[in-house]
Number of protein chains: 2
Amino acid sequence: MLSKKTQYAFHALVHLAENMDKGPILISEIAQEKNISIKFLENILLELKNAGILGSKKGKGGGYYLLRPPKEIALAKIIRLLDGPIALLPCVSLNYYERCENCRDEAVCGLNEVMSKVRDSALKILENKTLKDILTRNS
Amino acid sequence: MLSKKTQYAFHALVHLAENMDKGPILISEIAQEKNISIKFLENILLELKNAGILGSKKGKGGGYYLLRPPKEIALAKIIRLLDGPIALLPCVSLNYYERCENCRDEAVCGLNEVMSKVRDSALKILENKTLKDILTRNS
DNA sequence: TTATTAGTCTATCTTTTTTATAGGATTTAT
DNA sequence: ATAAATCCTATAAAAAAGATAGACTAATAA
């Protein structure tokens, strides 16, 4: 399951996308709108900023905003950033690969094969669906 | 990612499947063979037994054994038993459904829609692939 | 230039989950 | 009887997730 962190990130990004025309949006506004602890959300938005997904402005009139159009922000990117691997096993992760301990030979490991397929089928969706696809109203 | 518990369960089940002809197999044998803490494995095998996947026999000559042929044990069943939901969000889980808190209307929720697709694509594989598919040698 | 506003950064705390261990109870074969 | 094995429950230890705190920096406006 996705962590709260990732779920909150999606909600926040949706709010930012739906209010792109209004300039920088306050953390506090998003927190209130989406029922998220403001301090927790602060950390999440910072991470998104440091990853180059959001921009920010300090001081009065400041806040957060999307750096790219929603249709260019793939869901997979957000999940990987905040939750880590999408794959079900470390040995089939593309971005967070780790060797299996209890596995003699990955090339012949049946689990490895099946889980690679699961990963691919998930990525096919998550790499192609974007923020735009999860908005309620169109923008 | 799948928990160690589930990963160990797969390894143990594979060992049991590959040694079906040898009668009940000792926990200690599996633990040694697969490098799993024996006490931890004990709990896992017990859960598998209580779920009707394994049978057991106590006392001398005892141990664990599969109750059904490997091809009848779907990977999804093992994952759900030991790890819980396969879905990425509670609101799209078939077996562990929970309503989203921060969600106004599931029917129009874009995330819900995408994550349902991810779930379906994963289940299509995990419900159909079985223990037989992850064995190294044929049996 | 000062006060205010709002994000930045890092540390810490709390809670939950995961992983692992302990040890007595029970069953079975010999 | 006794030895061998699983059964069962409790608990401990470690890691991860979730949440909070507070001092710091930058931007704006008066």
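Heavy-atom basis, side chains included; hydrogens, waters and symmetry copies ignored. Lettering of chains follows the sequences in order, A, B, ..., and the numbering in each one begins at 1.
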Atom pair distance, as rounded to whole Å: [atom1] in [X] and [atom2] in [N]:
X       : N      : atom1 : atom2 : value
A:Lys5  : D:dA16 : NZ    : P     : 13 Å
B:Tyr65 : D:dA5  : OH    : P     : 16 Å
B:Ile27 : D:dA5  : CD1   : P     : 10 Å
A:Ile25 : C:dT5  : CD1   : P     : 19 Å
A:Tyr8  : D:dA17 : OH    : P     : 14 Å

State, with a plain yes or no, whether a side-chain heavy atom of B:Leu2 is found less than 4.5 Å away from one of A:Met115.
->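 Answer yes - side chains close enough.
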For residues A:Leu67 and A:Tyr65, determine if any side-chain heavy atom of one lies less than 4.5 Å from a side-chain heavy atom of the other.
->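 The answer is yes; the side chains approach within 4.5 Å.
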Any residue meeting side chain to side chain contact (heavy atoms under 4.5 Å, CB included) with B:Asp133, in chain and number order, not counting sequence neighbours |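 Listed in chain order: B:Lys129, B:Thr130.
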With B:Glu127 via side chain to side chain contact (heavy atoms under 4.5 Å, CB included) - residues at least two apart =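 Listed in chain order: B:Ala76, B:Arg80, B:Leu123.
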Selection residues 50-71 of chain A - residue pairs positive for salt bridge (charged side-chain N to carboxylate O under 4.0 Å, His left out), sequence neighbours left out |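 As it turns out, the salt bridge (charged side-chain N to carboxylate O under 4.0 Å, His left out) pairs with a partner in residues 50-71 of chain A, which skip direct neighbours, are A:Arg68-A:Glu72.
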B:Phe40: what forms a ring pair (Phe, Tyr, Trp, His ring centres under 6.0 Å) with it, not counting sequence neighbours?
->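 B:Phe40 satisfies ring pair (Phe, Tyr, Trp, His ring centres under 6.0 Å) with B:Tyr8 once adjacent residues are dropped.
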Please work out which residues in residues 38-51 of chain A have a non-hydrogen atom less than 4.0 Å from an atom of DNA chain D and list them by number.
->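 Result for residues 38-51 of chain A: A:Lys39, A:Phe40, A:Glu42, A:Asn43, sorted by number.
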Contacts to DNA chain D from residues 54-62 of chain A, heavy-atom cutoff under 4.0 Å, which residues?
->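 The answer is A:Lys57, A:Lys58, A:Gly59, A:Lys60.
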